[in-house]
**Q** 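Mind looking over this structure? Questions follow.
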Amino acid sequence: VRGGAPKTRIRLAGDVPGPMDPPTGCRFRSRCWKAEDVCATTTPPLRQVGDGHAAACHFAGPLQESATAVAA
Ligand code: SF4
């Protein structure tokens, strides 16, 4: 780790959606531990969440550099 806090790994659970039958709303919701009702009904728009960073999530805030998502 170069400076700062150690990275925290997040292991994704759940099923990877099939490209022929993607879920409604957010395409990531079947693997998201933060999914709520709105995630099933509304596709989140891509929006700026930080300097040069964008995210398509209803609950995205400023990016946390200490978190790294790792596919299981
Ligand atoms: S919109 Fe955000 S919180 Fe909702 S399922 Fe997608 S990534 Fe998860």
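This one's a predicted model, so the numbers in the text were calculated from it and none came from an experiment. Atoms within each ligand, like the ligands themselves, are counted from 1 in listed order.
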**Q** Quick one: name the protein N/O/S atoms under 2.8 Å from atom 2 (Fe) of ligand 1, chain by chain.
**A**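 Checking every protein N, O and S atom gives C57 SG.
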
**Q** Could you note down all residue pairs passing side-chain hydrogen bond (donor to acceptor under 3.5 Å, both in side chains) where residues 15-28 supplies at least one of them, sequence neighbours left out?
**A**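 Residue pairs with at least one partner in residues 15-28: T24-R29.
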
**Q** Hey, could you give me the CD1/CH2 distance between I10 and W33, rounded to the nearest 0.5 Å?
**A**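 Reported value, rounded in 0.5 Å steps: 4.0 Å.
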
**Q** Could you go through residues 54-61 and list every donor-acceptor pair under 3.5 Å that involves a side-chain atom there, pairing it with any protein atom two or more places apart or in another chain?
**A**
residue	atom	partner	partner atom	Å
H58	NE2	T42	O	2.8

**Q** Might you point out which heavy atoms bring A35 and C39 nearest each other, and give the distance in Å?
**A**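 The pair with the smallest heavy-atom distance is CA-SG, 3.9 Å.
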
